[in-house]
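Before any comments, here is the structure.
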Amino acid sequence: MKQKLFFSITFTFLASLASSQTCLRSCGRIPLRYPFGIGEGCGDPQFQQFICCNGDQLTFKTHTGSYPITNIDYTKQEIYITDPSMSTCACNQPSKGFGLDRNAPFDFTEDTIFTLLECSIDSSPIFRGGGNTNFPMCDKQGSPICSYLYSCNAISLLNLPISTCCVYTPVDLGPSFEMDLQTLQCSSYSAFYSFNGQQSNPENWKYGIALKYKINVYNNYPRFCKDCEKSDGICSFAAASNSFFCNCPTGINTTSSCYYVQSYSNAFRVLPWLTGIFLFHILAWILSWVSL
């Protein structure tokens, strides 16, 4: 009986040591801060299923595919992604379309502009009048954008009329949260979030999709996370306990900042022999108790 209890205590002791983990501080060149986190229990749970790190590439995932994240602006609370299948001024190609999951804590920024290319004038629902409310209409103010895009060499070679282009509205992609190019009968799409100060020069536009995220109802950054990150920790939220914790570079999770953990660890590094003696006495006591 005592032997079983000994092995149980030993296993629990070793397991507690092995349970320490370190959340990624960055993925490639992009730093990771709350609410994002890579690793089990890292970051905010509501964001975990949408963000992953594949090698050195931070990736945004939806039901329509996986998209490389090019940057995160933590001040504006915006992420910037690119769709390798979409068209730009430098490349015109068939696209798969894009969609957001309904439960995703993301929305499009007001600066994001979707432009549908090579759409069927005769049968595409986007060119119908207001009779079909299931599909958004083209923005009448978007004609200049179509003209600029169709002046790009990659697109102008197709010799398409401007009328096959549509600046897609509303930007939320309608009630389905999805841009289904097959249903819309368009061959491709382009997206950009900034004219980069050169509206008439589509070669220098910032192509991609800008998404904004909201941390909580009041959209205020948790004070605990600020203190955690100042101490070089990764702020995370445990849904089970409904509380924040700080993951330190040593892999230890704490409900305070990493300053305390570091000072504790430094004390043992200064006197490492004390740690050895402490562990030796614990194991010796357990062995002697089992042998009784």
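Keep in mind that the numbers below use all heavy atoms, side chains included, and drop hydrogens, waters and symmetry copies.
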CZ of Arg29 to CG of Asn71, rounded to nearest 0.5 Å, is 6.0 Å

Kindly give the cluster partners of Tyr193, where membership spreads through any ILVMFWY side chain lying under 4.5 Å from a current member.
Tyr80

Results of ring pair (Phe, Tyr, Trp, His ring centres under 6.0 Å) for Phe36 - residues two or more places apart only:
Phe47, Tyr213

I'd like to know if the side chain of Ser124 reaches the main chain of Leu184, judged simply by a donor and an acceptor atom lying under 3.5 Å from each other, with no hydrogens or angles considered.
yes

If the test is side-chain contact (heavy atoms from CB on, under 4.5 Å), which one of Ile209, Thr88, Ile145 qualifies with Phe192?
Ile145

Could you tell me whether Asn153 atom CG has more than 12 heavy atoms of other residues or ligands within 6.0 Å of it?
no

What orientation do Tyr67 and Phe60 show, parallel under 30°, tilted 30 to 60°, or perpendicular over 60°?
tilted

Is Asn196 reaching over with its side chain to a backbone N or O of Asn204, donor-acceptor style, under 3.5 angstrom?
yes

Using only the SG atoms, decide whether Cys42 and Cys23 are less than 2.5 Å apart.
yes

Spell out, as yes or no, whether a donor-acceptor pair under 3.5 Å connects the side chain of Thr64 to the backbone of Gly99.
yes

Is there a donor-acceptor contact under 3.5 Å from the side chain of Ser190 to the main chain of Thr115?
no

Donor + acceptor pair across side chains of Asp83, Ser85 (<3.5 Å):
yes

Is Met179 linked to Phe50 within one hydrophobic cluster, defined over Ile, Leu, Val, Met, Phe, Trp and Tyr using a side-chain heavy-atom separation of less than 4.5 Å?
yes

Ignoring hydrogens and angles, tell me if any N or O in the side chain of Thr112 forms a donor-acceptor pair with the backbone of Ala210 under 3.5 Å.
yes

Quick one: do Ile215 and Ile234 end up in the same hydrophobic cluster if we chain Ile, Leu, Val, Met, Phe, Trp and Tyr together by side-chain heavy atoms under 4.5 Å apart?
no

